[in-house]
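What follows is a single structure, written as structure tokens, with notes after it.
We name chains A, B, ... by the order of the sequence lines, and we start the count at 1 in each one.
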Amino acid sequence: MKKAMTCLALGGVVLVAGGAWFVNRVVYSPLADAPLALSPALIEKGEYVARLGDCVACHSVAGNPPFSGGLEMATPMGSIFATNITPDKRSGIGNYSLDDFDRAVRQGVAADGHRLYPAMPYPSFSKFSDDDVKALYAFFMKGVTPADVPNKQSEIPWPFNMRWPLALWNAAFADSDPYQAKPGQDEQWNRGAYIVQGPGHCGSCHTPRSITMNEKALDERNANYLSGALIDGWYAPSLRQDPNTGLGRWSEPEIVQYLKTGRNVHSVVTGSMTEAFNNSTQYMSDDDLGAIAHYLASLPGNGKDGPPWTPSPAPVAWSSPGAKTYLAKCSSCHGQDGRGQGQWIPPLAGASSSMVSESSTGINATLNGSDRVIASGLPDAYRMPPYRNQLTDQEIADALTFVRSSWGNQGNAVEANEVRTLRDKTDPASPDPIILHMR
Amino acid sequence: MELKINGSTHQVDAAPETPLLWLIREDLGLTGTKFGCGLAQCGACTVMVDGMAVRSCVTPVEGVVGREIRTIESIESDALGQRVVAAWVKHQVAQCGYCQSGQVMAATALLQRTPRPTDAEIAAAMTNLCRCGTYNAIKTAIHELAAG
């Protein structure tokens, strides 16, 4: 008995020691001691890679120096703040070696060994190629101006602020290998897959998450990948070939147009996609956008989406409670036929936001309006105004119910309490053009 | 691009997303149509496109190429328009007058499509704003027009 106890105690010690080693070890970087010349060409390439990854969207806030951090991200346990990633030696990452930088970007481990919260999308960024990590490093060391802006402390209380358990989370949920070209697929498809899964981290918003907060899938082998998810009061729609709630009715050139100009005949960027467009996708090369479109077009729908939407010949219920609000507030732009105005004002008839069971995007856009879409430096001519002060919860619910049941749309009804919830949780969009500069 | 406005054809040179109102006022000099809010909220910029009341500040010009556009300048070119204007004068609707070209266009479009509108139909169609509060006079004028 005594012997058994000793064995158990010894086993326990070994387990604890092994666990402690595992969560505190220095993770491997293949770039340790890799020689690197920070040439102007590499810095320029790194700037493009930073655009692909949209680093600026989180690591900058309007009015502060580029990449000096500060964006607040709400989590269920409290707010965390994006950090200063300028090459400032005191407040930023000026003392990072290439392999320190690599461990932060691809594995979520800071130079002092603490684990980053996966708000930093390192489960996606682990797909980065070695070359792109080197280029990014060159850009952040030499292309970005150092700014001595101190980091803000996270507001997450003990014990949840302990970082070591994230090592276990990573072991369970994060990939650690760079993207491997998939045999049997052509070069364009593989380039698209690389950008979508890796730098573009599209899945951070568009893939649903489990109760443990990990994305349910990190690539196309699982049908949950990019199948649509609720995030920050918006519904990031499916990017799969679902004909009504996804991209099934979009051609590849239309996907390219959307990412390049922020709009096409199906939709205009809304919610966090406006930021992703303003700061990232419009800067991508035509070849890369074509590759993204080609890859997305290869993701099958789930087959539960019904037949593709067509305009319904059934008469519109103009006597329904929401119709009057629609006529007064919505129809001037979106049309009595719900078809919008070409690419300039998005259609509501057949739109994925009108068809998907989650109604957050419609509610949020109606309450708060849209942020400025800034294409090639020019703010958009047509902006959705906020209606939170003009319409009651019930009026918004009725108008959206009308939209979601007219012109062949098959969305479910919207309840006033759903509007109430989002009204309390969200703020009106800013009418000001906000441009985050990288240099 | 070619625009058909008030029965004549105009060549305009503009980006496709330019709001129709900009072209009407700035390029063609038809300043009877007013800029109010620029957000389709107030209706001061209302014109007719193929007989429908449209808020020209949010109408990309690309969408109205080849369609019949009518502005306040041509309102008295048909019998209904003349009657609407006469009723407006009779009831002394206008106070400051800024919103009235839009009000008249909206009322004419309504009566063209629905010669005998009910109260509910008038309320649904006449959503233009008036800071002077001429709503009662507008309603009276439209009721009289609806009665023939």
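- Chosen from B:Ala40, B:Gly63, B:Pro60, the residue pairing most often with chain A at heavy-atom distances under 4.5 Å is B:Pro60.
- The residue among B:Pro16, B:Ala124, B:Gly43 with the most heavy atom pairs within less than 4.5 Å of chain A is B:Pro16.
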Steps toward side-chain contact (heavy atoms from CB on, under 4.5 Å) verdict (A:Trp318, B:Glu121): CA-CA 11 Å; A:Trp318 291 118; B:Glu121 284 168 325; over 6 Å; no
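- The environment of B:Lys34 atom NZ is dense: over 12 non-hydrogen atoms of other residues, nucleotides or ligands sit within 6.0 angstrom.
- Within 6.0 Å of CZ in B:Arg67 there are more than 12 heavy atoms belonging to other residues, nucleotides or ligands.
- Remark: the backbone N or O of B:Glu17 is paired with a side-chain donor or acceptor of A:Tyr382 at under 3.5 angstrom.
- In the displayed structure, B:Asp13 atom CG is contacted under 6.0 Å by at most 12 heavy atoms of other residues, nucleotides or ligands.
- Proximity to chain A is limited to the side chain of B:Met52, based on heavy atoms less than 4.5 angstrom apart.
- For A:Tyr326, no part lies under 4.5 angstrom from a heavy atom of chain B.
- Residue B:Val58 comes nearest to A:Ile345 through the heavy atom pair O-CD1, 3.3 Å, listed as atom of the first residue, atom of the second, then distance.
- Residue B:Thr18 touches chain A through its backbone alone, counting heavy-atom pairs closer than 4.5 Å.
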Intermediate values then yes/no, side-chain contact (heavy atoms from CB on, under 4.5 Å), A:Gln390 and B:Gln41: CA-CA 11 Å; A:Gln390 293 188 39; B:Gln41 305 284 287; 2.8 Å; yes
